[in-house]
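These notes are about the structure you will find just below.
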Amino acid sequence: MDDVALFFHLLGAFSFVAGTIVAGVAFETARRRETPAEIALLLGLSRIGVLLVVLGTLLVLAFGLWLVHLGDWGYGAGWVDAALGLLLATVVLGALGGQAPKRARKLAARLASEQAPSNAELRALLDDRTGRALNYLSALLLLAIVALMVFKPGAPHS
C-alpha cells in the first residue's frame, strides 16, 4: 500500500509542478504578444496548466495524507504541518493571482472575436503587478514544499 500511495502522491506532485510551469510559461508568453487572438490562445493554454495544478493538488493532498497515516511521521511532524500550510498558501495565492490572467483571457477572446486591436485594459491585466507577484510567490512556495518533501527536516532517517 505504501508504494501505491507514494506513486499517486508523486504523480500528483509532478502534475502540480508541471501545471504551474505550463500556466506560467503560457502567461509570460502571452504578455509578450500584441494581438488579442494570440493572447487568447496562449492564455487558453494556461488553463490546461491550471487543470493540471488542480488535479495535482487533489492527488498530492489525498495520497500525501494517506502516506502520513501509513508512515512513521504523524501529523505533529513539523515538516508535514509546514507542507500542508504551504500547500494551502500556494493554492490560495495562485487562485488570487490567476484572476487578472482569467479576465485578460476573456477580454482577449472578445477582442479577437470582434477583430479589434489590443487595448489598454488588456495590457493592464497582462501587466498586473499584484497578480504576477502572487503567482511568483505561489511558485516559490511550491518549491519550498518540494524541498520539504525531499529533505524532511527533523524526520527520523531510515
Side-chain angles (χ1 to χ4, degrees), residues 6-68 75 78-153:
L6 180 60
F7 173 81
F8 284 105
H9 182 69
L10 290 174
L11 182 65
F14 289 135
S15 175
F16 198 140
V17 171
T20 300
I21 292 168
V22 167
V25 168
F27 174 74
E28 288 300 331
T29 304
R31 288 188 62 242
R32 289 160 177 75
R33 297 293 189 254
E34 293 298 322
T35 66
E38 288 178 312
I39 293 168
L41 175 69
L42 289 163
L43 292 178
L45 289 175
S46 74
R47 293 175 75 188
I48 295 169
V50 171
L51 287 174
L52 286 170
V53 167
V54 170
L55 175 65
T57 301
L58 295 174
L59 288 173
V60 159
L61 188 59
F63 289 96
L65 293 175
W66 189 19
L67 280 170
V68 170
Y75 295 103
W79 67 273
V80 171
D81 294 342
L84 288 170
L86 288 172
L87 178 63
L88 176 63
T90 299
V91 169
V92 168
L93 291 173
L96 292 173
Q99 294 307 302
K102 179 180 179 179
R103 290 193 309 273
R105 178 183 51 80
K106 290 178 178 182
L107 177 56
R110 185 173 56 81
L111 292 172
S113 72
E114 297 169 357
Q115 296 182 352
S118 191
N119 62 23
E121 180 184 2
L122 179 57
R123 187 54 40 202
L125 287 168
L126 292 171
D127 293 337
D128 178 57
R129 287 180 181 226
T130 302
R132 289 174 60 208
L134 291 172
N135 282 323
Y136 284 124
L137 180 56
S138 179
L140 285 173
L141 293 181
L142 178 55
L143 287 175
I145 294 169
V146 171
L148 283 172
M149 293 295 107
V150 170
F151 298 111
K152 298 175 181 62

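Quick caveat, the model's predicted, so the values are computed rather than measured. Note that the numbering runs from 1 along the sequence shown for the chain.
- Not a single donor-acceptor pair under 3.5 Å links the side chain of R31 to the backbone N or O of I39.
- Nearest heavy atoms, A100 versus D128: CB-OD2, 3.7 Å.
- Smallest separation of non-hydrogen atoms from L126 and R132: O-CD, 3.9 Å.
- A donor-acceptor pair under 3.5 Å is formed between the side chain of Y75 and the backbone N or O of L65.
- Rounded to the nearest 0.5 Å, atoms CG (L67) and CG (L10) are 8.0 Å apart.
- Here NZ of K102 is found 8.0 Å from CZ of R47. Values are rounded to the nearest 0.5 Å.
- Residue T35 holds its OG1 atom at 8.5 Å from CZ of R33, rounded to the nearest 0.5 Å.
- Heavy atoms only, all atoms of each residue included: S138 and L93 are closest at CB-CB, 4.0 Å.
- Rounding to the nearest 0.5 Å places OG1 of T20 at 9.0 Å from CG of L143.
- In this structure, G56 and S15 approach most closely via the heavy-atom pair N-OG, 3.5 Å.
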Check your understanding: Yes or no on side-chain contact (heavy atoms from CB on, under 4.5 Å) for E38 and E34, after CA distance, side-chain angles and deciding distance?
Key -> CA-CA 7 Å; E38 288 178 312; E34 293 298 322; 5.5 Å; no
Exercise for review: Tell me, with the steps shown, if M149 and W79 meet side-chain contact (heavy atoms from CB on, under 4.5 Å).
Suggested key: CA-CA 8 Å; M149 293 295 107; W79 67 273; 3.5 Å; yes
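- Although no hydrogens or angles enter the test, the distance criterion places a donor-acceptor pair under 3.5 Å between the side chain of Q99 and the main chain of A95.
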Practice item. Any chance you could lay out the side-chain contact (heavy atoms from CB on, under 4.5 Å) test for L87 and L61, step after step, and finish with the verdict? Key: CA-CA 9 Å; L87 178 63; L61 188 59; 4.0 Å; yes
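- Side-chain N or O atoms of H9 include one that pairs as donor or acceptor with a backbone N or O of G64 at under 3.5 Å.
- Here the closest non-hydrogen pair linking N135 and G98 is OD1-N, 3.9 Å.
- For Q115, the CD atom is loosely surrounded, since the number of other residues' heavy atoms within 6.0 Å does not exceed 12.
- Distance CG/L11 to CZ/F7: 5.0 Å, rounded to 0.5 Å.
- Side-chain atoms of N119 and L122, non-hydrogen and from C-beta on, do get closer than 4.5 Å to each other.
- The side-chain contact (heavy atoms from CB on, under 4.5 Å) test with T57 is passed by exactly one of V91, L52, T90: V91.
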Exercise for review: Determine, step by step, whether L42 and F27 satisfy the side-chain contact (heavy atoms from CB on, under 4.5 Å) criterion, reporting the C-alpha distance in whole Å, the side-chain angles of both residues, the deciding distance to 0.1 Å, and the verdict.
Suggested key: CA-CA 7 Å; L42 289 163; F27 174 74; over 6 Å; no
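- Taking all atoms of both residues into account, the shortest heavy-atom contact from L148 to A83 is CD1-N, 3.7 Å.
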